[in-house]
Amino acid sequence: MLRIYKTKKYLVFFVLSVFLMVAFKFVQAQDLGLNEAAGLGLPSAGATDPRLFVINVVRFILGFLGVVATIIILYGGWLWMTSAGELMRVQKAKKTLIAAIIGLIIIIAAFAIVSFVANFMRDTIGSGTSSGLCDPPCLAGQCCCSGVCQSCPCGSLTPTGSSFRLRSTSPVANAINQPRNVIVRAFLSRPAAPSVDDILSSNFILRRIGDINPGTGDFIDGPDTDVNGIVSTSSNRTILNFTPSDNLDSWSRYQVVIDGSTSMNPVDHIIDFDGNRLTCGLPAPCNFTFDTNDLIDAAVPTVRIIPTQICYDDGTLSPGSNIIGGWGRDDTGISFLRAYYEMPHVNIFDVVGTGNRYQYAQNVVDTSGMTVGDVYTFTVEADDLVLNTEADSFEATIRAGHCCNDQRDLDEEGVDCGGADCDSCASMNPIITNLSPDNGAPGNFITIMGRYFGMTPGRVYFSNAAGDLVVEAQLPNTVNPNCNNNWSNNQIVVVVPGGAATGPIMVERSDGRSDTTAADSEPYINFEVNTIARPGLCLANPNTGFFNTEFDLHGIAFGGTNRYVRFGNESDYITANNMHDWTNLFVSAQVPNITRGLATVYANIDTVNSNFLYFIVQQDTDNNPVIDYIDPPQGPNNQYITIYGSGFMSYQPGVSQVSFTNFGTGETTAAGIDFPVECRNSWWRASYITVKVPATVANGNYQVRVTNRANNTSEPENFNIIAGTPTPGICLLSPHNGPVGTAVNIYGDNMGSTPGTAIFYNNVSVTPAASEWRQQLVAASVPAGAVTGPVVISNGANSNGLPFTVGSCTSNGDCESGEECCGSGSSWSGICRNVGTCVGAGFTSTAFGWTFSTASAATAENARAFIRPVPILTNFAILIPIVLASL
């Protein structure tokens, strides 16, 4: 019996020994920093983020407690081994061992949790020169990822289009030769909260930190001196500006610190309306430097918009159609490019500058709401680094859809040109707008962007050493057989040929027409031949998609350690989702959550960027609402407005709503929907919504958002609430389609007692009789010459508009959701009506309706009844008066 008891003791001791060795091995594997700070197990506080310093202190304490627990276990084992069968000593040993083992398990678990947090923070804390997590510290614009400096973000961290992040800065990080009167700008992905105004002066700091040797560019450290200046936000609160009180010193290095507060209180930081703190380093750092030269920039930038044919979107347009593009050139650099068109002011793109002296941008114009034959003015504006601004415009007549389908059809004289409908073929010479990139080694891929290259491959020539355009480039399928479709009407991908020298390039279309980057009417762009080997893209398949659509990229030189697929440009990008199946020639990824429109996609391999390819990001209008524009774009309280767009779906009480958010206060208020009774079931449509400006909010700038029944919210659209009295407002056209002569009742408010005019699209108006004009109802008829488009009424001031289709419907597809096209046997033949409200018989006679009322004259004035012709059904035996007002 004693031998069995001793055997059990030895077995327990053996198991405990194994357990202790495993525990020691675990502790030994952790980085306690025992070689740091004079062997105390604590890293230098001056070189480490304070949060990690605290974590390391906790880990050291837990390691010490683990050693104590181990000693207690050994003591319990010694008690048991020396108990000689004495019951009291055995029980004491058991209690000691159980308590020590439980304590050790708790310590190991705590140690594991703290180590996990430390490793996580080590990967995510800090970027730029202030980081002490990497040795040596990372450069500005880099992140310290698991102890290694690399491009931000670490791993596959992907900011979404809705995240609150620093898009870019001007100047960009590490910029050199900046003018002394430069304005420092920070571009945000979303509007900053109003509370930011109170703390911005202490969270947007510019300081001089040393000198620059003009000859060598070497930095000479000096005392840090803060620069005095005015900090402000743009009207939409997406741009922060630091304007120095005086010109900066020449040949100096300056440090910019954005959101540098160390406070743990969220209100001490730059936040958005939802309270999210600004994310830095994705892709722009909040702590960076730039160098000045000795120049003062007084010249405005040169700006050009590229005239192009614009077509009505009838569903047949080619992917490269309706692209508005423009460029800015400046002697110091471009900080911002934006484009828009009037009627009303509609934004096409706004692109953060890269700081280069030349920059090009473009986007697709949505013409689905336009009308063939209308004339629009398109404008591009550019800011330089000191906020000098210049603009350029052109007018375009909206052409028929077949003029932009990449086919020669109808009476066209060429592909998409000539004939009665399209722009002339003589106006469509090839135009080079940009090179991506504009430098690199022979064998790299480059993208030539522009207009009217044709669909049949032509030739591309580079300069030789003598400056002659004679070195012909090959297409990428000579390198990678999967590279097809390299030549399109607006984009060409070629291989930089051996023997090419720095200089202009030329595109020769298959019909012999050509353009060079040295043409007098265009920016002079040289391609610089150097030794930089880049990854290359030749094909995105597909090159259009929604959020999370999977696509493939084909090309060359994708091999590397840190590999990303990005949308945007070098200074303002978002990483693609779910990048996978990397090979040297191929990768798959998914479209990230970014704004719809024409984008560019590129690969970044070990910090080197590839050429760019066009990619059209589509909007999921089945689920996500999109605001195109608001009519009118400003107005007083209680003003009727019409919001045009898509994806609004049908109305769902309690979910569907229109909201106004004040830029200054961040307060959100629901729009007014107190309409005349006739409008209460028709103000919300799938493609347009009529609401009132909230009655009680203050004047100022607001953001309007639409939330549909799927609880998805649109991107905001700006609206200005002004002082004054509401103009006439309309909320229903009944019916909203019909041929010339159709009687139309127009319901709304504030129409006045003096008759005005009903104005149909293309400015054709009709003046109703005095008896047909009331405060909430105007009775009109479709005038000759009217065309499909918005209808407004005017009594000296115009109302909001509502869409009216001139002509009879022929099928239910011509009507809105929830409606049907009434058939020929109906009294409403050719009219769109709510489903089930078309009646079956025609009419053979007319009668007059009237109102019986015992109300006062003032009340009767507002009664919705007029003596108007109405159809009488033949299946009625007698004429029945139509009572439109209550007795």
Side-chain angles (χ1 to χ4, degrees), residues 320 325 327 354 356-362 430-451 453-454 457-465 467 469-480 482-509 514-519 522-540 543 553-558 565-566 568-570 584-585 599-605 607-615:
W327 52 265
T354 59
N356 295 327
R357 296 184 178 183
Y358 170 78
Q359 186 161 346
Y360 175 81
Q362 62 183 23
I431 301 173
I432 301 173
T433 59
N434 202 23
L435 303 179
S436 171
D438 61 2
N439 68 90
N444 289 353
F445 291 175
I446 72 163
T447 304
I448 304 168
M449 300 173 174
R451 298 280 194 282
F453 296 147
R459 299 176 185 273
V460 174
Y461 295 94
F462 283 69
S463 300
N464 64 7
L469 289 163
V470 295
V471 184
E472 185 175 354
Q474 300 298 312
L475 296 178
N477 56 11
T478 60
V479 180
N480 181 346
N482 290 319
C483 293
N484 49 43
N485 299 323
N486 300 298
W487 192 294
S488 66
N489 203 38
N490 65 341
Q491 174 179 276
I492 305 168
V493 181
V494 295
V495 183
V496 178
T502 298
I505 66 170
M506 178 174 71
V507 171
E508 184 181 275
R509 204 164 61 189
S514 64
D515 184 42
T516 75
T517 58
E522 298 164 18
Y524 192 101
I525 311 173
N526 276 340
F527 182 83
E528 178 188 347
V529 178
N530 54 34
T531 59
I532 300 175
R534 301 180 182 275
L537 301 184
C538 61
L539 176 65
N543 61 358
L553 291 180
H554 297 268
I556 58 171
F558 291 174
V565 175
R566 291 173 174 167
N569 57 46
E570 298 97 330
N584 194 50
L585 304 176
T600 49
V601 62
Y602 65 99
N604 178 275
I605 310 296
T607 74
V608 179
N609 292 328
S610 72
N611 58 313
F612 292 5
L613 295 179
Y614 287 139
F615 195 102

Value rounded to 0.5 Å, distance of [atom1] in [X] from [atom2] in [Y]:
X      : Y      : atom1 : atom2 : answer
Thr502 : Asn439 : OG1   : CG    : 9.0 Å
Ser436 : Arg534 : OG    : CZ    : 8.5 Å
Asp515 : Met506 : CG    : CE    : 10.0 Å
Gln362 : Asn490 : CD    : CG    : 6.5 Å
Leu553 : Ser610 : CG    : OG    : 8.0 Å

Would you confirm whether [X], through its side chain, and [Y], through its main-chain N or O, come within 3.5 Å as a donor-acceptor pair?
X      : Y      : value
Asn584 : Phe558 : yes
Asn489 : Gly454 : yes
Asn611 : Leu537 : yes
Asn482 : His554 : no
Ser463 : Pro504 : yes

Listed partners of [X] passing ring-ring contact (aromatic ring centres under 6.0 Å, His included), at least two apart:
X      : value
Tyr360 : none
Phe453 : none
Phe462 : Phe527

Within a strict 4.5 Å, meaning less than it, do heavy atoms of the [X] and [Y] side chains meet?
X      : Y      : answer
Ile446 : Val494 : yes
Leu435 : Ile505 : yes
Ile448 : Val507 : yes
Cys483 : Phe445 : yes
Thr600 : Tyr614 : yes
Leu613 : Asn543 : no

State, to 0.1 Å, how close [X] and [Y] come at their nearest heavy-atom pair, and which atoms those are.
X      : Y      : answer
Pro497 : Pro442 : O-CB, 3.9 Å
Val495 : Val479 : CG2-CG2, 4.1 Å
Asn434 : Ile525 : CA-CD1, 4.2 Å
Ala603 : Pro535 : O-CG, 4.2 Å
Asn486 : Asn477 : ND2-N, 4.0 Å
Arg509 : Pro430 : NH1-CD, 3.7 Å

* Structure fact -> Which of Met449, Gln491, Arg566 passes side chain to side chain contact (heavy atoms under 4.5 Å, CB included) with Phe612? It is Met449
* Asked: Of Leu475, Val471, Ile492, Leu469, which meets side chain to side chain contact (heavy atoms under 4.5 Å, CB included) against Val460?
  -> Ile492
Can you list everything that forms a side-chain hydrogen bond (donor to acceptor under 3.5 Å, both in side chains) with [X]? Sequence neighbours excluded, please.
X      : answer
Asn569 : Ser571
Asn356 : Thr354
Glu472 : Arg459

